[in-house]
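A short worksheet on the structure shown next.
In what follows, every heavy atom counts, from backbone to side chain, and hydrogens, waters and symmetry copies are set aside.
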Amino acid sequence: MNLSILIPLLNEEESLNELYNWIIKVMHSHNYTYEIIFLDDGSTDNSWNIIEGFAQENPNVKGVRFMKNFGKSQALHAGFAKAQGDVIITMDADLQDSPEEIPGLYDMIVNGKFDLVSGWKKKRYDSVVAKNLPSKLFNWAARKTSGVELNDFNCGLKAYKNIVVKNIEVSGEMHRYIPVLAKNAGFGKIGEKVVQHQARKYGETKFGMERFINGFLDLITIWFLSRFGKRPMHLFGAMGSLMFVIGVMLAGYIGISKLYYMYNDMRYSLVTNNPWFYIALTTMILGTQLFLAGFLGEIILRTKNNEERYKVSNEVNFL
């Protein structure tokens, strides 16, 4: 099978028919073998009924429906697990991603030998203040932190080799950083393609300004996980040990100073009257806590179970 097209969605009943017909037109014009997997993230409108209608008339259309809204990352996780195509395409359901871009993305994976190709909506039709400027800042920070040179991390239109999606773990709200996850998993050939961005035709965006705040927090998380996710003791243990040693040295200095003053019959005060005593004590306590945090992190890594992060209520056209 050439293509698996994954479409996560939430309450997009108005756009689904147009999107479906557009994708089918592109598939037929290029003679692709394909599957379209709609990932209904707990829609409360008529979206699932429409998807079931597509599946009845076209066996290449499949669907996964969540019991409630679990988030885009969980939807993509479910889709990646189901996808069978040689090339996986992800795109949003709001018609802002053009299916006409699929052949170009497919060609870059198959003939360009890229592991992953991310779309770049160079010319956008969103609000400059509410979306464009925060997006530019977010992408700049992501480039500097991750080392992945992409201009548009958050573009929903991406193409992957099948082996890539089977070897990355998308959780929380990490869908923004799938290229970083892929790089950390060992897939280094990551490309970018300028794609057409279209103004939203129906409904309204499901993401507010909080996505940028969450995005920066997730960026810190993925920076930590990429460097210390498999060895938290290397960070917390090192910091804890360093702080504990500093505390012990300060305490030793205070003790030796008092003994020196006593031996030479010099005026001295109680150790507890010296502010450095409390600094030393606090430093040793913090060092111990950091060391224990690293130790507990190592234990958790070795005993954790991969819990199910979402509940599926319906599936169509899956064997």
Side-chain angles (χ1 to χ4, degrees), residues 4-23 35-85 88-97 99 126 131 153-158 160 165-166 168-178 181 200-215 217-218 221-222 305-319:
S4 291
I5 302 170
L6 309 185
I7 306 174
L9 62 108
L10 175 64
N11 296 332
E12 297 287 359
E13 61 179 357
E14 295 173 305
S15 63
L16 286 178
N17 278 294
E18 185 174 340
L19 177 63
Y20 169 71
N21 291 326
W22 197 355
I23 292 174
E35 65 179 357
I36 304 172
I37 305 178
F38 289 96
L39 305 160
D40 186 347
D41 188 20
S43 294
T44 56
D45 61 2
N46 199 42
S47 294
W48 182 249
N49 292 330
I50 294 172
I51 293 167
E52 286 185 317
F54 296 156
Q56 288 176 4
E57 71 179 44
N58 184 349
N60 294 321
V61 175
K62 304 172 183 180
V64 175
R65 185 186 191 189
F66 287 175
M67 294 182 69
K68 67 172 188 176
N69 177 229
F70 285 97
K72 186 174 181 179
S73 291
Q74 318 314 321
L76 289 175
H77 182 276
F80 288 161
K82 298 285 189 182
Q84 299 177 355
I88 315 299
I89 301 287
T90 60
M91 62 188 306
D92 295 333
D94 54 13
L95 295 174
Q96 290 189 287
D97 295 333
D126 295 320
K131 283 195 173 182
F153 281 81
N154 205 34
C155 180
L157 188 58
K158 291 182 173 67
Y160 314 79
V165 303
K166 301 302 183 183
I168 58 176
E169 185 74 15
V170 187
S171 61
E173 294 188 28
M174 293 298 180
H175 58 272
R176 302 177 182 90
Y177 302 110
I178 291 179
L181 296 175
R200 175 177 271 273
K201 193 172 182 179
Y202 304 105
E204 55 187 36
T205 181
K206 309 302 187 297
F207 302 99
M209 286 296 291
E210 70 274 5
R211 72 171 180 160
F212 294 108
I213 298 173
N214 294 337
L217 294 175
D218 288 337
T221 300
I222 204 167
N305 295 317
N306 292 322
E307 298 180 358
E308 189 176 12
R309 299 193 301 268
Y310 48 83
K311 301 290 185 181
V312 175
S313 62
N314 299 90
E315 293 183 356
V316 292
N317 278 354
F318 287 104
L319 300 177

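Evaluation of the salt bridge (charged side-chain N to carboxylate O under 4.0 Å, His left out) test over residues 44-64, restricted to residues two or more places apart or in two chains, returns Glu35-Lys62.
Here the side chains of Ile36 and Asn60 are not in contact, with every heavy-atom distance at 4.5 Å or above. The side-chain heavy atoms of Val165 and Leu6, taken from C-beta on, include no pair separated by under 4.5 Å. When side chains are defined from C-beta on, Thr90 does not count as touching Ile178, because their heavy atoms never get closer than 4.5 Å.
Residues forming a ring pair (Phe, Tyr, Trp, His ring centres under 6.0 Å) with Phe153 (at least two apart in sequence, or on another chain): none. Under the side chain to side chain contact (heavy atoms under 4.5 Å, CB included) criterion, Ala75 pairs with Pro8, Leu39, Phe66, sequence neighbours left out. With sequence neighbours excluded, no residue satisfies side chain to side chain contact (heavy atoms under 4.5 Å, CB included) with Asn21. The ring pair (Phe, Tyr, Trp, His ring centres under 6.0 Å) test applied to Phe54 returns Tyr20, Phe38, not counting sequence neighbours. Lys166 is linked by a salt bridge (charged side-chain N to carboxylate O under 4.0 Å, His left out) to nothing, counting only residues two or more places apart in sequence or in another chain.
The minimum heavy-atom distance linking Val316 with Ala55 is given by the pair CG2-CB, 3.9 Å. When all heavy atoms of Leu10 and Asn69 are compared, the pair lying nearest together is CD2-ND2, 4.0 Å.
Considering Asp40, Asp92, Asp41 as possible partners of Lys72, the one that fulfils the salt bridge (Lys or Arg N to Asp or Glu O under 4.0 Å) test is Asp92.
Taken from NE2 in His175 to CD in Gln74, the straight-line distance is 10.0 Å, to the nearest 0.5 Å. Between the CD1 atom of Ile89 and the CD1 atom of Ile7 there is a distance of 11.0 Å, given to the nearest 0.5 Å. Glu12 CD to Ser47 OG: the interatomic distance, rounded to the nearest 0.5 Å, is 7.0 Å. Expressed to the nearest 0.5 Å, how far CD1 of Ile23 lies from CE of Met91 amounts to 5.0 Å. A distance of 10.5 Å separates OG in Ser73 from OH in Tyr177, rounded to the nearest 0.5 Å. The line from CD of Glu14 to CG of Asn46 is 11.0 Å long, rounded to the nearest 0.5 Å.
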Inset, instruction - Could you walk me through whether Leu9 and Asp94 pass the side-chain contact (heavy atoms from CB on, under 4.5 Å) test, one step at a time? - result: CA-CA 8 Å; Leu9 62 108; Asp94 54 13; over 6 Å; no
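Side-chain N or O atoms of Ser4 include none that pairs as donor or acceptor with a backbone N or O of Ile88 at under 3.5 Å.
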